[in-house]
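To keep things clear, I will list the structure first and then write my remarks on it.
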Amino acid sequence: MRTSFHAVRDEVKRRIESRVWPQGTLLPTEAELAEEFGCARATVNRALRELADQGFVERRRKSGTRVMTAPVKQARFEIAIVRHIVEEQNAEYRYALVERKVAEAPAWLASQLGLETGTRVLHLTCMHYANNRPFQFEERWVNLRVVPAIEQADLTKIGPNEWLLNAIPFTDAEIAFSAVAADSRLADFLATTPGTPVMLLERTTWLKGQPVTFVRMTHHPGYRVRSEY
């Protein structure tokens with residue numbers, strides 16, 4: 001039975017963390033590791049690629065694979081479903097679709113996402129509640145050229161994020177975090193006063209280079225983001 005890439009990855013990682021291979025060490029070649037672990041070179045290659053993605057090693061063509069001098073751990077953020085977040089806090093979740101309309105992408109959105117003039121988008125505003133208290137205000141634009149089925153979807157019972165994750169994959173995502181002062185509109189939805197600092201998350205997802213959706217998610221005052229790495 002040949003060794004899996006998981007086993008190769010975990011053993012190489014163990015040797016790095018236990019300083020068997022200190023920072024800056026040039027690792028054995030893929031062929032040498034394949035012989036040691038009794039597996040194919042492709043298995044070793046996949047294991048080392050994962051370790052490179054995680055910041056443990058640096059791979060350079062013709063120079064081999066070397067332990068990072070300053071290993072970088074990467075924080076990973078999942079595209080979470082709001083309902084799950086609320087329920088994990090032992091709170092009762094409620095969702096409301098506030099507004100829904102189809103229109104041409106506004107100029108700022110077309111410019112930001114590289115959309116052609118006249119591209120139709122579905123514009124949605126929604127509210128998410130925890131124990132009937134405002135949890136998140138969501139404003140979203142969906143590219144109907146990439147996701148035409150959402151135009152006829154019933155989004156009164158299920159939020160657009162949950163619908164999209166069930167209906168269409170994505171290949172790339174970008175997320176930005178910022179603190180903003182709630183304007184009067186946000187303050188009304190989030191049951192706070194204008195000027196109160198709130199957390200804003202902006203996220204864009206793509207499918208093979210085509211923009212799928214851009215969303216702004218503004219959370220209740222005091223909301224915190226945590227990540228493990």
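Since the model is a prediction, treat every value here as computed from it, not as a measurement.
- The two atoms that bring R9 and A47 nearest to each other are N-CB, 3.6 Å, heavy atoms only.
- N143 is not listed as a side-chain neighbour of V212, based on a closest heavy-atom distance of 4.5 Å or more.
- Cluster annotation: L144 is connected to L155 through the hydrophobic network of ILVMFWY side chains, with a link wherever side-chain heavy atoms come within less than 4.5 Å.
- Rounding to the nearest 0.5 Å places CH2 of W21 at 14.5 Å from NZ of K13.
- The two residues K208 and T171 make their nearest non-hydrogen contact at N-OG1, 2.8 Å.
- R100 meets the salt bridge (charged side-chain N to carboxylate O under 4.0 Å, His left out) test with no other residue; sequence neighbours excluded.
- The side-chain hydrogen bond (donor to acceptor under 3.5 Å, both in side chains) search around E32 returns T29, not counting sequence neighbours.
- Looking at residues two or more places apart in sequence or on another chain, you find a side-chain contact (heavy atoms from CB on, under 4.5 Å) between P221 and T192, T196, V198.
- Contacts of R60 classified as salt bridge (charged side-chain N to carboxylate O under 4.0 Å, His left out), with partners at least two apart in sequence or in another chain: E58.
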Identify each donor-acceptor pair in which a side-chain atom of residues 160-167 lies under 3.5 Å from a protein atom, sequence neighbours left out, and give them as a table.
residue: N161; atom: OD1; partner: R203; partner atom: NH2; Å: 3.1
residue: N161; atom: ND2; partner: A80; partner atom: O; Å: 3.1
residue: E162; atom: OE1; partner: R83; partner atom: NE; Å: 3.4
residue: E162; atom: OE2; partner: R83; partner atom: NE; Å: 3.4
residue: E162; atom: OE2; partner: R83; partner atom: NH2; Å: 2.3
residue: N166; atom: ND2; partner: E162; partner atom: O; Å: 3.1

L115/F214 under side-chain contact (heavy atoms from CB on, under 4.5 Å): CA gap, chis, key distance, verdict: CA-CA 12 Å; L115 299 174; F214 172 72; over 6 Å; no
Listed pairs under 3.5 Å, donor-acceptor, residues 86-94 side chains, sequence neighbours left out:
residue: Y93; atom: OH; partner: H128; partner atom: ND1; Å: 2.7
residue: R94; atom: NE; partner: N132; partner atom: OD1; Å: 3.0
residue: R94; atom: NH2; partner: N132; partner atom: OD1; Å: 2.9

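- With sequence neighbours excluded, no residue satisfies ring-ring contact (aromatic ring centres under 6.0 Å, His included) with H6.
- Under the 3.5 Å distance criterion, the side-chain polar atoms of T205 are left unmatched by any main-chain donor or acceptor of F170.
- A continuous path of ILVMFWY side-chain contacts below 4.5 Å connects V215 to Y223, so both sit in one hydrophobic cluster.
- Evaluation of the side-chain hydrogen bond (donor to acceptor under 3.5 Å, both in side chains) rule for R59 yields E30, T65 as partners, not counting sequence neighbours.
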Audit row: R15, V12, side-chain contact (heavy atoms from CB on, under 4.5 Å) steps and yes/no: CA-CA 5 Å; R15 294 180 188 181; V12 172; 5.8 Å; no
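- Considering every non-hydrogen atom in both A187 and P194, the closest pair reads CB-N, 3.6 Å.
- Taking H84 as the reference, nothing meets the side-chain hydrogen bond (donor to acceptor under 3.5 Å, both in side chains) condition, with sequence neighbours excluded.
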Steps toward side-chain contact (heavy atoms from CB on, under 4.5 Å) verdict (E50, F5): CA-CA 10 Å; E50 282 211 3; F5 86 90; 3.3 Å; yes
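- Residue T213 holds its OG1 atom at 12.5 Å from CG of L207, rounded to the nearest 0.5 Å.
- Rounding to the nearest 0.5 Å gives a distance of 5.0 Å between CE of M217 and CG of L201.
- E35 is linked by a side-chain contact (heavy atoms from CB on, under 4.5 Å) to nothing, counting only residues two or more places apart in sequence or in another chain.
- In this structure, Y95 contributes its side chain and T156 its backbone to no donor-acceptor pair below 3.5 Å.
- Taking the six-membered ring where the residue is Trp, the centroids of F189 and F137 are separated by under 6.0 Å.
- Between atom CH2 of residue W141 and atom OG1 of residue T125 there is a gap of 9.5 Å, rounded to the nearest 0.5 Å.
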side-chain hydrogen bond (donor to acceptor under 3.5 Å, both in side chains) evaluation trace for H123 with E99: CA-CA 8 Å; H123 180 212; E99 185 179 9; 5.7 Å; no
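- The side-chain heavy atoms of L190 and F135, taken from C-beta on, include no pair separated by under 4.5 Å.
- Counting all heavy atoms, side chain and backbone alike, V146 lies closest to Q210 at CG2-CB, 3.8 Å.
- What you find for V44 and C39 is that their closest heavy atoms are CG2-SG, 3.7 Å.
- V20 and L51 fall within the same hydrophobic cluster, where Ile, Leu, Val, Met, Phe, Trp and Tyr residues are linked whenever their side-chain heavy atoms come under 4.5 Å apart, directly or through other members.
- Both tests pass for R216 against the ring of W108: distance under 6.0 Å to the centre and angle within 45° of the axis.
- No side-chain donor from either of N45 and R41 sits under 3.5 Å from a side-chain acceptor of the other.
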Enumerate donor-acceptor pairs with a distance under 3.5 Å from any side-chain N or O in residues 172-186 to protein atoms, sequence neighbours excluded.
residue: D183; atom: OD1; partner: R185; partner atom: N; Å: 3.2
residue: D183; atom: OD1; partner: L186; partner atom: N; Å: 2.8

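- In summary, the side chains of R66 and T25 do not present any donor paired with an acceptor at a separation below 3.5 Å, with no hydrogens or angles considered.
- A side chain to side chain contact (heavy atoms under 4.5 Å, CB included) with V142 is found for exactly one of V121, I150, I168, namely I150.
- To the nearest 0.5 Å, the span separating CD on E104 from OG1 on T119 amounts to 8.5 Å.
- Placement of L113 and V147 in two distinct hydrophobic clusters is found when ILVMFWY residues are connected by side-chain heavy-atom separations under 4.5 Å, directly or transitively.
- Legend: residues meeting side-chain hydrogen bond (donor to acceptor under 3.5 Å, both in side chains) with H220, ordered by chain and number and at least two apart, are absent.
- Both V82 and M199 belong to a single network of hydrophobic side chains, linked directly or stepwise wherever heavy atoms of I, L, V, M, F, W or Y lie under 4.5 Å apart.
- Within 6.0 Å of the CZ atom in R14, the count of heavy atoms belonging to other residues, nucleotides or ligands exceeds 12.
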Stepwise side-chain contact (heavy atoms from CB on, under 4.5 Å) check, C126 with L97: CA-CA 5 Å; C126 320; L97 177 63; 4.0 Å; yes
